[in-house]
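Notes to accompany the following structure.
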Amino acid sequence: MEPDLSSSSPHSSLFTSLLLAGRRIRPLTQIHARIIISTLHPNRSLLTKLLTLIISSGFPLYARRLLPSVPSPDTFLFDSLIRASSRSTLPLHSLHFYLLMLSSSLRPSNYTFTSLLKACADLSASNLGRILHLHVLAAGFDLDRFVQTSLVVFYAKVGNLVVARKVFDRMPERSVVVWNAMISGYEQNGRAGAAIKLFYLMQEEGMEPDEATLAILLSACSQVGEFGLGKWIHEHYIHGKNSRLGVVLGSSLVNMYARCGHVEKAREVFEGLDEHNVVSWTAMIAGYGMHGFAEQAMELFKRMQLYGPSPNLVTFVAVLSACAHGGMVEQGREAFESMKFDYGLIPRAEHHVCMVDLYGRAGLLAEAMKFIRDQITGEPGAAVWTALLGACKMHKDFNRAAEISTKLLALEPENPSHYVLLSNIHALAGKMDTVEEIRDVMISRGWRKQTGYSLIEINNVSYIFRMGDTSNPQTVEIYQYLEELICRIREAGYEPMTDSVLHELEEEEREVAVRFHSEKLALAFGLLSTGEGTLIRIVKNLRICGDCHLAIKFISGVTGREIIVRDKHRFHHFRDGLCSCQDYW
DNA sequence: CACAAACCAC
């Protein structure tokens, strides 16, 4: 008898049950039982659907046991299993199905490779993906647009931007999706400038950006503080197109405004959204947190708990770090307990780091140690020790610092930033011989310190300053004005903090006096170029140094200007001689 | 016959 697919057939009723069951393992096992006891011939497409759903519900091993019962397996069966695995929480199983597919002498299709490459991308399985690239070539799918796009995504995700770009450049036709993949690849790997440059190329080639392009670009703007472009995207593409602002772009905008220093504008966009989800709430809370506005962050978090969606792990990173930066120890502790007991979330390493930071910044170093002992199962990660070491530096607890740095260097002996931190601590302790030793080690390993720069935007034009910079046409005036400012703040009580700062290897070259640090130059230029009362915004790529922080506090006092500096970690709002970070950073 | 690639918060 021909299989009857009309609504009365038993196969069809099983199919309907499968669709109803969805990705829930219990109803799926019941359907499996019905198939076994029914007198029907096993039906391949029915079993394909069943196995796919079983994998999607997280039981790939169950599916593997069932697989031999599928009659005359075909490419579509394996493609479905590979695809379901690649999107599951256990993407590695897709490789197992691929090997079974090959050993069944079935030819892979272009669909096979898109899923496999996605699995490799998500697993950061760089070698495996490269081998699969060879399989793509051997199977003759290297000209398939979908496969090429997957290759771009894969190479970008594992950080091999050169090869990703090579595949991208060789594509005869590029969809908006592959443009987005390549731009996103740069952005994800910290190459925001390259991402923005590729977007300009995309425009030149007449390719229209879509929502995803804009979301990626807004992230790139956030990363480097390119407020001009971010604002232009908002006005030109989002506002200008008169389309309603969805929650995805809305969250990107909230993040962009906050990370470019416009936290009130971020709030305005947030309030204007028709729809809020956990991402938009989290973006706004994180925005307040990074500016040191812990009260506003906590107020919003309370509102979210009352009227918004359930906070997730990322929300708690934002909440805990806001508490840490605002010195709100008790509220942070409560939030951490609430996360576990009210929301059933299991804290991860990043939450532990926030808690250590919370106690550490507040000077409760013993409490931080106790937290590590009691709350962290297994060996704490390097990030936890880094946070604690930072706290030791802040509170000048050199004995504890020595103990912790031993653990840290044992865990990650090849991380240059640990050596920078250690060198700074020894400099603070006045152990200049050790500072020299550490510096020699860094030089011998060929570790180069990042050079610092500061960006300032005036009348929609960005200006960049490096230490001791003389490239600006107004250099003479800038340096003169800076000297004058320093005289004025010295009269107000400022004392340069040269000794410790000169040894901060991460900061600008120590050969150059602290007074020519890039943020001071940018600030002097900003004050000269703008009128009385204008807010000054500066973006710095590294952390602001202690001396610049002190000097800018005084400058905000003597000039009556409000100054916002974004450094590598957070924002500093200087006003009337004080900073929003409360000297905690 | 069907199935594919990019997209916001730390």
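Here the structure is a predicted model, which means the values were calculated and not measured. Order of the sequence lines fixes the chain letters, A, B, ..., with proteins taken first and strands second; residue numbering starts at 1 for each chain. Below, each value reflects all heavy atoms present in this structure, side chains not excepted, and no hydrogens, waters or symmetry copies.
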Go through the structure and list residues passing ring-ring contact (aromatic ring centres under 6.0 Å, His included) with A:F146, not counting sequence neighbours. none
Give every residue pair that meets the ring pair (Phe, Tyr, Trp, His ring centres under 6.0 Å) criterion with at least one member in residues 202-229 of chain A, sequence neighbours excluded. A:F227-A:Y257, A:F227-A:H262
For the side-chain hydrogen bond (donor to acceptor under 3.5 Å, both in side chains) test, which of A:Q188, A:R191, A:E187 pairs with A:Q223? A:E187
Can you give one letter per nucleotide of nucleotides 3-10 of chain B, going 5' to 3': B for a protein heavy atom under 4.0 Å from the base, S for sugar-phosphate only, - for none? BBBBBBBB
For the pair A:K197 and A:E204, find out whether any cationic side-chain nitrogen is under 4.0 Å from an anionic carboxylate oxygen. no
cation_pi(A:R174, A:F168) dist<6.0 Å, angle<=45: yes
